[in-house]
Amino acid sequence: MTRSYFPGILAMAAVVVASNILVQFLFGQWLTWGAFTYPVAFLVTDVMNRVYGKGPARRVVLAGFVVGVICSLIGTQIMGEFGPLVTLRIAIGSGLAFLTAQLLDISVFSALRGGKWWRAPLASTLVGSSVDTAIFFSVAFSDTLSWIEPANDVSWAGEMLPLLGSGPVAPLWVSLALADWMVKLALALLALIPFRLIVKRLTAVPTL
């Protein structure tokens, strides 16, 4: 760890902590407030990758993963209306999704580094976000993976309902995943603006 990208570690930790808190609060029928803060993690990773390289970016991601594990451990000790705020399936899904998606983001970004400035952050975030959503919701709520934590009843997530309230019938968790994925895609586009501004600021050559 070096002081140069230590603010990136702090930013990633802040995003992870904020998202773990805000995921407890609903936004409408299909989302939580955490859906709007969590995608910022991809912005942090991409800025670190562009400015400092994939090595430091991986260290920032690993720091975020450790913070996420700590948040999950704390969540397992807090009892909500239906049991612990964080179950084993949610903890595994969250950690696996974060680490896999962020490291994939770094790989895609590095492969496209030499192209137009927007191509690497956009493509890497779109790929990483899609993988993140697929892994988390499948591990946390899919019936086929109920063996991970047989005592955890997530039958509510398998209730068959119209997709996002108006589409074909699908398990509730699929609607939740689709809504989450759509937010990530929208924020991936919006994040190009702060990405450009932050990178310019961090790479500006000081004048005497």
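Heavy atoms only, all atoms of each residue included: Leu43 and Ala191 are closest at CD1-O, 3.8 Å. What you find for Thr100 and Val131 is that their closest heavy atoms are CG2-CG1, 4.1 Å. Taking every heavy atom of both residues into account, Thr32 and Leu22 meet most closely at CB-O, 4.0 Å. The heavy-atom pair separating Ala188 from Thr125 by the smallest distance is CB-CG2, 3.6 Å. Closest non-hydrogen pair, Val154 versus Ala140, comes out as CG1-O, 4.1 Å. Closest approach of Leu187 to Ala35, counting heavy atoms only: CD1-O, 4.1 Å.
Side-chain contact check for Phe36 versus Leu31: some heavy-atom pair is nearer than 4.5 Å. Between Val60 and Gln102, every side-chain heavy-atom pair lies at or beyond the 4.5 Å cut-off. Arg89 is listed as a side-chain neighbour of Leu145, based on a closest heavy-atom distance under 4.5 Å. Side-chain contact between Ser107 and Lys54 is absent, with no heavy atoms from C-beta onward closer than 4.5 Å.
The hydrophobic clustering, which links ILVMFWY residues whose side-chain heavy atoms are closer than 4.5 Å, places Val108 and Ile135 together. Residue Trp156 is grouped with residue Phe136 when hydrophobic side chains (ILVMFWY) are merged at heavy-atom distances under 4.5 angstrom, including chains of intermediate members. Residues Leu122 and Leu112 do not share a hydrophobic cluster, clusters being chains of Ile/Leu/Val/Met/Phe/Trp/Tyr side chains in contact below 4.5 Å. Residues Ile148 and Ile90 are members of separate hydrophobic clusters, defined by side-chain heavy-atom contacts under 4.5 angstrom among Ile, Leu, Val, Met, Phe, Trp and Tyr. Taken together through direct or relayed side-chain contacts under 4.5 Å among Ile, Leu, Val, Met, Phe, Trp and Tyr, Trp173 and Val86 form part of one hydrophobic cluster.
For Arg113 (side chain) and Gly53 (main-chain N/O), no donor-acceptor pair under 3.5 Å exists by modelled atom type. Under the 3.5 Å distance criterion, the side-chain polar atoms of Arg119 are left unmatched by any main-chain donor or acceptor of Gly114. The backbone N or O of Pro121 lies less than 3.5 Å from a partner atom in the side chain of Ser124, making a donor-acceptor pair. Checked by atom type and distance alone, the side chain of Ser129 never pairs as donor or acceptor with a backbone atom of Leu126 at under 3.5 Å. Although no hydrogens or angles enter the test, the distance criterion places no donor-acceptor pair under 3.5 Å between the side chain of Tyr5 and the main chain of Arg59. Remark: the backbone N or O of Val16 is not paired with any side-chain donor or acceptor of Ser19 at under 3.5 angstrom. Looking only at distances, no side-chain donor or acceptor of Ser166 sits under 3.5 Å from a matching main-chain atom of Pro162. In this structure, the side chain of Ser94 does not engage the main chain of Ala91 through any donor-acceptor pair within 3.5 Å. Asp105 places no side-chain N or O within donor-acceptor distance of the main-chain N or O of Ala101, the cut-off being under 3.5 Å.
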Can you list the steps and then say if Leu192 with Trp117 is a side chain to side chain contact (heavy atoms under 4.5 Å, CB included)? CA-CA 9 Å; Leu192 291 175; Trp117 71 266; 4.2 Å; yes

Going through the checks in order, is the side chain to side chain contact (heavy atoms under 4.5 Å, CB included) test met by Met182 and Leu164? CA-CA 11 Å; Met182 292 170 65; Leu164 294 180; 4.0 Å; yes

So Leu99 and Val61, side chain to side chain contact (heavy atoms under 4.5 Å, CB included) or not? Walk me through it. CA-CA 7 Å; Leu99 196 58; Val61 165; 4.1 Å; yes

Kindly determine whether Met48 and Arg58 satisfy side chain to side chain contact (heavy atoms under 4.5 Å, CB included), including the steps that lead there. CA-CA 9 Å; Met48 292 298 102; Arg58 288 195 185 104; over 6 Å; no

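Separating the OG1 atom in Thr45 from the CG atom in Leu104 is a distance of 11.5 Å, to the nearest 0.5 Å. Atom CD of Gln24 is separated from atom CD1 of Ile78 by 8.0 Å, given to the nearest 0.5 angstrom. In this structure, CG in Leu88 is found 4.0 Å from CD1 in Ile92, a value given to the nearest 0.5 Å. Atom CG in Leu197 sits 11.0 Å away from atom CG in Leu202 (nearest 0.5 Å). Atom CD1 of Ile198 and atom CG of Asp46 lie 11.0 Å apart (nearest 0.5 Å).
Below 30°, between 30° and 60°, or above 60°: for Tyr38 and Phe42 the angle between ring planes is above 60°, a perpendicular geometry. By the 30° and 60° cut-offs, the orientation of the rings of Phe98 relative to Phe65 is parallel.
Of the charged side-chain nitrogens involved, at least one lies within less than 4.0 Å of a carboxylate oxygen, so that Lys184 and Asp180 count as a salt-bridged pair.
Between Phe195 and Trp118, the distance from one ring center to the other does not fall under 6.0 angstrom.
Within a 6.0 Å sphere centred on CH2 of Trp181, other residues, nucleotides and ligands contribute 12 heavy atoms or fewer.
Paired with Met160 under the rule side chain to side chain contact (heavy atoms under 4.5 Å, CB included), one option of Val174, Leu172, Val169 passes, and it is Val169.
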